[in-house]
Each structure stands twice: as C-alpha cells, then as structure tokens.
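Okay, structure first, notes after.
Computed from a predicted model, the values in this text were never measured in an experiment. Chain letters run A, B, ... following the sequence lines, proteins first and then strands; every chain starts at 1.
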Amino acid sequence: MKKASALSAKDQVQGEDTKYFPQRIEQKWQEIWLKEKIYQPDLHSAKRPYYNLHMFPYPSAEGLHVGNVYAFTGADIHGRFKRMQGFDVFQPFGLDGFGIHSENYALKIGSHPMEQAKKSEKRFYDQVKSLGSGYDWSHILETYDTDYYRWTQWIFIELFKSGLAYRESVGVNFCPSCMTVLADEQVIDGQCERCGAEVEKKELKQWMFRITEYAEQLLEGLDKIDWTEKVKTAQRNWIGKSQGAKITFRVADTDNDLSVFTTRPDTLFGATFMVVSPEHPLVKEWMSNPGVSDYVAKAKIRALEKDLSDREKSGVFSGAYVINPINNQQMPVWIADYVLMSYGTGAIMAVPGHDQRDYEFARKYELPIIQVIQHESANITKEAYTGEGKLINSGEWNGLLAPKDKDKIIAYLQERGLATESTNYHLRDWLISRQRYWGPPIPMIYCEHCAKEGRSWFTSKEGVSSKYLVNRESLQAVQHQTLSTQMPGWYPDENLPIELPYIEDYKPIGASSENSEATSPLGRHPEFYTVNCPSCGKEAKRETDVSDTFLDSAWYFYRYTSTSDNDHAWDEGVGKLWLPPTIYTGGAEHSVLHLLYARFLTKVSHDLGLVDFDEPFPRFFAHGLIIKDGAKMSKSKGNVVVPDEYIKKFGADTLRTYLMFLGPFNMGGDFRDSGIEGMFRFMKRIWVLLSSQTIISKEVDSSAKSEMHKAIKGVTEDIEGFHYNTAIAKIMTYYNFLSEQKEISLTEAKVLLQLLAPFAPHITEELWHRLGEQGSIHTSVWPAFDQKFIESGDTVIAVQINGKLRGTFVLNDPQASQEEVERIAHEDFSVQKHLEGKTIKKAIYVPGKILNFVVAV
RNA sequence: GCCGCGGUGGUGAAAUGGUAUACACGGGGGCCUUAAGAGCCCCUGUUCUAAAAGGACGUGGGGGUUCGAGUCCCCCCCGCGGCACCA
C-alpha cells in the first residue's frame, strides 16, 4: 500500500483520470443536476419546506462580480447543508433588472434598455450557472418581465385604494445628472447615490407611499425578528422615534398659535426664545418685518449647501413674540435655518442653558440664557448642560429631577391644557415616482373632467364602500376625510399589465423648474398616455412616471413561490407552505432601504388580509463585503475582481471554498491571488487522496472514530452558525489526519466528502461516485456525530461545589469512572484548594458536562 | 456628538472562562528532477543562551472579578460602519 503523499509526479500523469481537472467535471455535474432536478423541490407537497432566499442581484452588464459570488456561495452553502439535513430546500434566483443603474448603463453604451436587459440576462445567468449553486432554475424571475411587473402595478393599486399611495407637492431631491427625483435614502451627503452629482431641491408633484403610517409597527416588529443587531440598529436609527410633548404657545397680540415639539418639556422654564424654520407657514406674516425676507431668501440658497453639520448658525428676529404658558413670560421669535421644517412642527422652544445648538445661537445673538437644571458639572457660562440634574428656577417644579420626572411634567402640562404627549419619527414617506423610462409604469389615470367635479376612485361605488384597511382605523379616517379631496380625478387602471412601450427616445428629459409637473420620457408619447377615463369615459391622461426600483425588490420573494403567471403567490396554498422565507441572506448595505420597504409592504399585505404574517424575513443574516487590497472594489479604482478567469483556471469549487475561507462570512475579507492557489492545492490533495488511495471497507478504529466525530461535530456547528472559515479549517485538519493514516476506511472517505460537499459541490460529487455511491452526494444524509467520542481525550470538566463553579480540569480518560474523576479532582491544582480537608459527599458526573460536588462540612 | 462593530504572529485569521496563535498564506531549509513546474518533508510569536535543553515575555493601554481572563466587569486609546442642526 502506497501513501497518497508519496505519490510522485509520474504516477499523476500516468492516467488522465488521476489528475484533478475541475474543467472536466464541473460543467458535467451542473448538467446532470439540472436534468435530475436535484434542486427542484415539489412546491405543492414539500414535507419540510425550507425557503433559502438570498438577495437577488441587479444584473450588471459588466457581468458577475466576485462580491456576487461571495454572497451567492454563502447562501448556497447554507442551502446545501439544510438539504443534506433532510429539508426540502427551495433556492430561487432572479434579477432586479429595472432601474436607473441598468438604464444608465444602456445610455452609456448606446443601447436600448430592453435589448440590453436580454443580453445582460443571458450573460449573467450563464455566469451564475458556472458557480454550481443549487438553484431551482424553473422558478426564476426578472423584474422587467411583464408577468412580473403587472403584480408590481397591482400592488401599487392596492396601496392607492388603501390610502397609502398619494400625490403631493413636495420639496424633492433632484439629481440633475440622472434627471430624476431621489428618495431621501438615495442622497448621500447631498450627492446622488448612483452618480455622485450634487443633488438639487425642487418642488414637484410626486407619488408617495405613506410608510410613516407604519413607523411604530416597523419599530416594534424589530424586537421579534432574528436579525443581526447592527441591521436592527440601523433601522431603529432610520425610523428615529423620539418621545416628548407638543407645547402650544400663543403669539402675542394675535390669535395665532405656535406649536413646538420637544423631548425636554422639563426645561420649559429655561426657554428664553423661540426659533422657527424659514419655511414655517407663520413666517409669511412676518415677511414685512426688517430683515425677514432677506434672511428667508438667503436661507433658501444655503439649503443647497451640503455640509450642514458644523457651519455657524444664523437667524433673524421675526418681530413677533410668544407667551410662555408656564410663566406668561414674553419670548422673542427668531427665524433660523438650523430648525428644519421637515421634523416636528418646524418650530422649537429654545432652551440655551441646556441645548448646545440653542446655546450657540443665544451667544451669537446675545439672547438670555437661564439655568434650570442644577448639577455639579454644569457650567453654563461655557456650554449648555445637557445632562441630568435637579430643576431650579422652575416654579412649582423646583426639586424635581430632570429628565427623570419628565412624565410628571407632561402630566402637569396636560392637565392644564398646555401640552400634549407627542411622538415624532425621522422616517419620511416613501417617494415612489421617477421621471425615468426603465421601470414599471405607475398604473394610474388622471381625468380632468372628473377632477373638476371632485370625482375620483374614492368617490366611486367601490371607493366609498371600500374594504381596504379595515384593520387600521387611523387610515380609514385619512381615506374618507381627505383622500377624495386630495386626489380628485385619479383612478387606478386595473387593466394590467400596463406595458412599458418600446420607445427610442427613452433618455430622461427631467423636470422644468417653472412647471410643477415633472416630465418623464413616456410623457412625450400621447399614444401611451391618452386613454379614456375609467369612470366618465372622456379623454384622460395616464400617469407617465414609473415607480422606484425599490418597489420591485420589496415583494419579489412572494413571486418566486407562485406557480402560475396569472396569480400572485400569496393567494395560493403554495405560498402558505413556503412563506415567509425561512432565512434571508444579503448585504448589510441594504439594511435601511430594501429591508425597510419589504417590511412595510408585508405589513400592508398583512393588513389587507393577503398574508397571515407581518414580517417578511423572520431571520436575516448579513454577510460581509469582499474587498481587494484593503479597498472596496469599484470600477473607478480598477480593482474589480472578475470571477470568470479564476473559475476557468481553478474551477468554481476552489473559488467558492477560497472565498469562504477568507474570513468569517459576516465580516467579508480581502481577496488575494496567493491564497486561492493554496485552496487549489487542497482540492488537488483531496482528489489524490480519495481517487488514488486504496479505500478499504473496514471498521473505523476507535481513535480514528473520535477524530471523525470531532470533525463532524465541529463542521456541523460551524456551518449552522455561518462560521464557514472555521468549518473549512476543520475539514482541512481532518484531511491532514486522514492523509497520515496508512489506510482509510470507506466511511471516513465518505464523511470527508460530505463535510466538504456544501463548499465544493462538484469535486465531492465526482469523488462520491468514484467511491461507488449511487445517488447524489447533495441529497445524501448529513453525517451524524456521537457526542461521547467528541468529549473524549481532552475533555474539560467544570467543577461546581455546592452549586458554585469552583474550577475545571482536563480529563484525559473518557472512560473514567466516577471514582476516578473524584480522585483526579482532588489531585488537580485548581480544584484542590476547594476540596482540601473536606470529603466529597456526592459527585454527579456526566461525561463532558458539569461535575457537581457536594462537600461535607 | 449618538449608536453599532472591531483591535491577537510577517499576512488572512482560530480559541463553550481552561496548554493563546487551530487552519491557511507568505518566508526559510531539504527531498525529487537534466531543468523548470508540480509534488512531498521539516522549521517559522518575541526574547535570553554559541546551540540544545530550558526559562522569561507575549492577545491596544490601565484597573478589577477568578484557582485560572484574548474571553466577564469598570475606565481610557485607536480603527471601521451607520445616523446626524432630528429639538
């Protein structure tokens, strides 16, 4: 018998078969798997459904990125592992192909998005197939497919009917380069997320989704889902709940009220002036006062500047005063742009003694500063004191603790009708319309004739007797009181799909600043937008905006499980069986946008009675980012790693395993060429060991068995916890152990292959068959481990004495009897001290577990 | 500023409170080979000693809990990510 390690070069080239050529086996198995439907569970009758979802990519025409490979592989390993554990794993794939990114690319290379999409699609699918992931290719989807976006449009209509989609003139972020509006989330430091151009502010009529209506639910839901804390925190920050009070001030010598939101009503006695935003409605009344109109004009310009955080505050006295209801003091009202109209009421009570921003403002304009919170570290001659303390100079409140007694103070104000308890969120409504071409047309029709007479869908028979949102009283109120007047003339076009027409002039033309209506490419095509009003039948105009791509991706996981083109998944039994996805894997960069929108739509679907769950992703795992030479990969840096060449040279198995070996899956890693060669060497060694070595059918002897079970246990737990890098290390350790054996039993060989199978599906499948196995390794049963072998050898025994942990020691003999264990405990240095001079009355010994000594006194 | 995550060899990184550095990369030496490549074997935290044996020191810094701390607690320092004139 010859040892594998002693195999010389000659032996290897003797037969082609003894050498590892990934190119020769990978495609072969991919075709067989497809033919044998290894990865296609029966969606109707799965016994243990496991919906293994990962974020679908946008199909960049440059092709697959190594970051995609990383993400897909990590999810695939999880799926393969679960499949081998006996689950009916459903792992679908699709493309998020609509949107600015694809459209801009088409523009750049001078092709049409519709044609480009087909090309990118083919290339992308081919590349993904070469990775050997276990996708069910009979359930793919593309968001630009008519059969897909008819349901995107259907969802839009459902939201419209629910009063959750509405039109409003809003100050929007407008990207002059992309010629479209952007959601707040898509503006980074005042720049467009996509192209980096400086974003402008514009007033435009836009379609909005009332996501703020769900702020509280979106926040509460986070507590019951299994997500990484990092992502939950990002969402909490984004929703930005703060609780406090709304206090109303009377403007002196007028009938006007000025309300403010504050989280610190306890400092009310410290308020010395008021500040309103330049956009505040009351500012109109003060325009003629000296300096006001000048300042408001100046603020408008300043609003476009990007770095707002540390510029000097500025403002102007409005000329008006308000009365502080708590002490009837007159306070001047100032206008300053450090107060934002978009948050709270657009006005604040300034408490310069205890708010640093107000403090700076007061210093600059020489406004009075009063200290109302006493604390040894408070020194308001230098800066505002924002910490806790005892109230002073606060009338009846003196001696109360701030902010601890906030609730008492709110109750006090509330009793006297001076304030109400109030909650504010940073979350804004979701701006959904885009003045672009490459997206699903918004399925709405505007009829001027109906509008003039105040008619709309909301005044129609269906609208009046609406079944929508019966679960949400607050929205019913919105619907019946305001929607019919807010949205005159608007009707959904339920004749879906509203197909996106092929037009040559799809280039964005933007919005003219004089006109409050933005113009979309479709707006140049009367043959598209001229329709008859669904209500009165007269000539009407179809909406020419398309919807935000994030709408497409907020519901796609429902579509995967649908079994026919003419139905949406969640009506069917199949959806009930599979939804929501068992686990969702994806990049943390989507923490806020995509995940929040998907949660919102699912909550709406739940309220509409479409689904019986209200969180789309009960479990979400965020993977890390692959970088190159310490920097994020990007075209501009020229450090994008294209996987094709690596697959060609080393095979998909090596690339997959190498990527997973780089570092913990939730942390990402740095891609290096030298590392991948090491992984290729490992694959070759596995090949040589298991294809050239004589594998014999013999019992595994007991020390080898211990190693085997240790490996199975370690790898199982590591894969379960997404610690892929350590799982691979353990497989390598086990390989090293086996390669030093004189002979390897069939059982050991099979176990080694099975442990490696999720990472390197092709080579393991090939060798599995060479060992004479019949079925696919990927549907074989994941090896079980025996606990007692694991704990042998180097078991650490924890010692409790009378219930308290008193020490631990290494137990070398797994077969040790209870008496021996007691004797060793006595001898062990760390335990000795506690047992000295005492006798053990009772010792409970569970191998590998805790040893509980009851010591006689 | 607030929140979250991290700091361990030359590098990527391992370690339910129990022999710190598993596994791999890189580096050094050797075998094989006409040669190159591939493959195989040995060494590889720092330091003391000519070397070995052996010892000392070592997980960003300082304290603490513990028989025992990379791990738990407190206070700092540094790096990364998110939010940010949010009242």
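- Comparing B:rA14, B:rA22, B:rC85 against the side chain of A:Asn725 picks out B:rA14 as the nearest.
- Side chains of A:Phe682 and A:Leu756 form a contact here, defined as non-hydrogen atoms less than 4.5 Å apart.
- In plain terms, the two heavy atoms of A:Thr657 and A:Ala760 that are nearest each other are OG1-CB, 3.9 Å.
- B:rU71 and B:rU66 have their C1' atoms separated by 13 Å, given to the nearest Å.
- For the pair A:Phe261 CZ and B:rC85 P, the computed distance is 16 Å after rounding to whole Å.
- Nucleotides B:rG81 and B:rC48 are separated by 40 Å at their P atoms, to the nearest Å.
- Within the 4.0 angstrom heavy-atom criterion, only backbone atoms of the sugar-phosphate kind lie near A:Asn736; the bases stay farther away.
- Distance A:Met349 CE to B:rC85 P: 20 Å, rounded to the nearest Å.
- Taking atom CD of A:Glu677 as the reference point, atom C1' of B:rA38 lies 12 Å away to the nearest angstrom.
- Counting only distance, with no hydrogens or angles, the side chain of A:His354 and the backbone of A:Ile373 share a donor-acceptor pair below 3.5 Å.
- Across the P atoms, B:rU44 and B:rC80 are found 36 Å apart, a figure rounded to whole Å.
- Nucleotide B:rG12 holds its C1' atom 12 Å from the CE atom of A:Met732, rounded to whole Å.
- Within the shown strands, nothing qualifies as a pairing partner of B:rC85 under the Watson-Crick or G-U definition with both distances less than 3.5 Å.
- Judged by distance alone, the side chains of A:Asp257 and A:Thr248 never bring a donor and an acceptor atom under 3.5 Å apart.
- Judged by Watson-Crick or G-U wobble contacts below 3.5 Å, the nucleotide B:rG79 has B:rC5 as its partner.
- The aromatic ring centroids of A:Phe671 and A:Tyr70 lie 6.0 Å or more from each other.
- Residue A:Val260 is classed as having no contact, given no heavy-atom separation below 4.0 Å to the nucleic acid.
- Comparing B:rC83, B:rA87, B:rA13 by their closest approach to the side chain of A:Trp238 singles out B:rC83.
- Spacing between atom CG of A:Leu756 and atom P of B:rC23 amounts to 17 Å, rounded to whole angstrom units.
- Picking from B:rC23, B:rG82, B:rG39 the nucleotide with the shortest atom distance to the side chain of A:Ala234 gives B:rG82.
- The aromatic ring centres of A:His623 and A:Phe665 sit less than 6.0 Å apart.
- Within the nucleic acid shown, A:Asp358 has no heavy atom closer than 4.0 Å to any nucleic acid atom.
- B:rG45 and B:rA13: their C1' atoms are spaced 15 Å apart (whole Å).
- Comparing A:Thr233 and A:Asp718 against RNA chain B, the residue whose closest nucleotide sits nearer the 5' end is A:Thr233.
- Side chains of A:Tyr338 and A:Asp358 form a contact here, defined as non-hydrogen atoms less than 4.5 Å apart.
- Taking every side-chain heavy atom of A:Pro664 into account, B:rA14 is the closest of B:rA14, B:rA87, B:rC85.
- A:Gly678 comes within contact range of the sugar-phosphate backbone alone, with a heavy-atom separation under 4.0 Å but no base atom that close.
- When the nearest nucleotides of RNA chain B are assigned to A:Gly675 and A:Thr726 by heavy-atom distance, the more 5′-ward of the two goes with A:Thr726.
- A gap of 45 Å separates the C1' atoms of B:rG17 and B:rC31, to the nearest Å.
- Between the CZ atom of A:Phe722 and the P atom of B:rA13 there is a distance of 19 Å, rounded to whole Å.
- Comparing B:rC40, B:rA15, B:rC23 by their closest approach to the side chain of A:Phe661 singles out B:rC23.
- Heavy atoms of A:Arg681 sit under 4.0 angstrom from primed sugar atoms or phosphate atoms, though from no base atom.
- Base orientation of B:rG9: syn, since the glycosidic angle falls within 90° of 0.
- Residue A:Arg236 places none of its side-chain N or O atoms closer than 4.0 Å to OP1 or OP2 of B:rC83.
- B:rG68 and B:rU19 are spaced 15 Å apart, taking the P atom of each and rounding to whole Å.
- Using a 4.0 Å heavy-atom cutoff across all strands shown, A:Leu340 reaches at least one base atom of the nucleic acid.
- Atom NZ in A:Lys230 sits about 8 Å away from atom P in B:rG82, given to the nearest Å.
- Side-chain contact annotation: A:Tyr295 with A:Ser314, donor-acceptor N/O pair under 3.5 Å present.
- Across all strands shown, B:rU46 forms a Watson-Crick or G-U wobble pair with B:rA56, both key distances being under 3.5 Å.
- As judged by a 4.0 angstrom heavy-atom cut-off over every strand, A:Lys730 is placed among residues making no nucleic acid contact.
- As a whole-Å value, the separation of A:Phe650 CZ from B:rA24 P is 18 Å.
- In this structure, the nucleotide among B:rC85, B:rA38, B:rA87 sitting nearest to the side chain of A:Lys684 is B:rA38.
- Using N1 to N3 plus N6-O4 or O6-N4 for Watson-Crick, or N1-O2 and O6-N3 for G-U wobble, each under 3.5 Å, B:rU33 pairs with nothing.
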